Number of protein chains: 2
Amino acid sequence: MGSKPGKGSYHHGELRESLIAAGLAILEEGGDPSALGLREAARRAGVSAMAPYRHFPDKDALLAAVATVGFERLRAALEAADGGGEGREALYAQGAAYVAFACAQPGLFRLMFGARSGGVRPEALCLASAAAYAVLSERVAALVPAESAAEEALRSWALVHGIASLAIDGMIGEAARTDPQAAAALAERLLRLETLPR
Amino acid sequence: MGSKPGKGSYHHGELRESLIAAGLAILEEGGDPSALGLREAARRAGVSAMAPYRHFPDKDALLAAVATVGFERLRAALEAADGGGEGREALYAQGAAYVAFACAQPGLFRLMFGARSGGVRPEALCLASAAAYAVLSERVAALVPAESAAEEALRSWALVHGIASLAIDGMIGEAARTDPQAAAALAERLLRLETLPR
DNA sequence: ACCTGAACACCGTTCAAGT
DNA sequence: ACCTGAACACCGTTCAAGT
């Protein structure tokens, strides 16, 4: 009711969303983004292997669409962690949430930063990643002098992104790789460290 | 002369090294580590598609062997950058070299941190990555109190790894992605930043 | 001991149809 | 407008041979 009745067997426009949802489900089952394939996504959506080509020009386009959802989720996680709190603690909470997100969804996280559709990142993907970064960079901007805000934000991003990457690749230890809470706690500890003494 | 003569058409033991060299060559042609396949490596080594299975149990094992060479090269690059110099400047030089390495060989860099052979990292790969990390962590240990050395080293590693990862994924800008010198300069700038003022 | 060739089950993609 | 089916060129891997 609401949409045209009498069809039934068609996906009546939902197939695109079904394929993205299937992609997210595939990525949740393991950390390997190469497990997400066009045919497997079509299989899970209950549709023929060629049907996805009616909604995505190629595999990279599906990957980019899934990655875009990933950045929207990351942005939501960062906003929730920030909590509108005040100052430095909000920044630390964002960093912990960033690392916990990667650790909880390593396949999605790897895809988000590896998905370049034919060498070029689609605009929707750029917008979604910029929106996620804005949550972090605005928090940093509220803490430091305006002239160094851009570089401080980039530095904070690089630090949490490095922790997240090393953690999910198992370079820091088994606990940091498999336990989002442990990884988040490590991130908070490293964020609180002072710079090397002069 | 030196090895048994009269063979000629055999690779007489060099095939393993030829395949690793072919793998490195493939990775140098583009940033995508999935371009490195067993059949393509065999093709470049001038050998049948099945020959690699005499030297590697599966594809992951070849990837791990190539990644191991990558970590040996990274260790050499860090040692050369450190230059036995003194103190903080040597650390900054290592960070810049780390990022320049990733930017110059993005395919190899991605493989190094993504290669888990059947879920488990081979021992040679672990040793090679630990040796590279030791160059950085020993430099940090010479700069900070012993009780915080481990965390300070991990923090420095995460920061340069994050810069490197974001740079090769094109998240920082085109210059940082394609120009190793520009990426290295950015890394040095971020390493010199003080922490946020209290 | 080391390599080859045919075969199998996948995959992304193109083309010609189906309703 | 949206989906299907057959076909093509790949890929990793297994098996049975070849020298």
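The structure presented is a predicted model; accordingly, all values stated were derived computationally and were not measured.
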Tightest non-hydrogen contact, residues B/Val140 and B/Ala149, listed as CG1-O, 4.1 Å
Under 3.5 Å, N/O pairs linking protein and nucleotides 6-8 of chain C:
none

Below 4.5 Å, heavy atoms only, C-beta onward: do A/Leu38 and A/Leu62 meet side chain to side chain?
-> yes
When pairs are called at under 3.5 Å and a stem needs at least three consecutive Watson-Crick or G-U pairs, the stems of DNA chain C are C:4-8 with D:12-16, C:12-16 with D:4-8
Check DNA chain D against residues 20-38 of chain A and give the residues with a non-hydrogen atom under 4.0 Å, in numerical order.
-> none
Atom-pair distance (CG on B/Leu19; P on D/dG12), nearest Å | 12 Å
Please report, rounded to the nearest Å, how far the P atom of D/dC3 is from the NE2 atom of A/His55.
-> 4 Å
Is it true that a side-chain atom of A/Arg44 and a backbone atom of A/Ala25 form a donor plus acceptor pair closer than 3.5 Å?
-> no
Side chain A/Arg110, main chain B/Gly114, donor-acceptor under 3.5 Å = no
How long is the line joining CZ of B/Arg54 and P of D/dT13, in whole Å?
-> 14 Å
Mind checking ring-ring contact (aromatic ring centres under 6.0 Å, His included) for B/Tyr133 and listing every partner two or more places apart, or none if nothing turns up?
-> B/Trp157
Is B/Glu17 atom CD crowded by more than 12 heavy atoms from other residues, nucleotides or ligands, each under 6.0 Å away?
-> yes
Which value, rounded to the nearest 0.5 Å, describes the distance between B/Leu154 atom CG and A/Met171 atom CE?
-> 11.0 Å
Under-4.0 Å side-chain N/O to phosphate OP1/OP2 contact, A/Arg43 with C/dC10 | no
When you check the phosphate oxygens OP1 and OP2 of D/dT13, does a side-chain N or O of B/Tyr53 lie under 4.0 Å from one of them?
-> yes
5′-ward residue of the pair A/Pro57/A/Glu40 relative to DNA chain C | A/Glu40
How far does the P atom of C/dA17 sit from the matching atom of D/dC2, given to the nearest Å?
-> 22 Å
Residue pairs meeting side-chain hydrogen bond (donor to acceptor under 3.5 Å, both in side chains), one or both in residues 56-82 of chain A, sequence neighbours left out, come to A/Asp82-A/Gln94, A/Asp82-A/Arg139
Nearest-Å distance for atom pair CG/P, residues B/Leu62 and D/dT13 = 10 Å
From NZ of A/Lys59 across to C1' of C/dC10 the rounded distance in Å is 12 Å
Test: B/Glu188 and B/Arg192 ion pair at under 4.0 Å = yes
How is A/Arg16 classified with respect to the nucleic acid when contacts are heavy atoms under 4.0 Å: base, sugar-phosphate, or nothing?
-> nothing
Give every residue pair that meets the ring-ring contact (aromatic ring centres under 6.0 Å, His included) criterion with at least one member in residues 32-76 of chain B, sequence neighbours excluded.
-> B/Phe71-B/Phe113
Does B/Ser165 reach the side chain of B/Phe109, with side-chain heavy atoms less than 4.5 Å apart?
-> yes
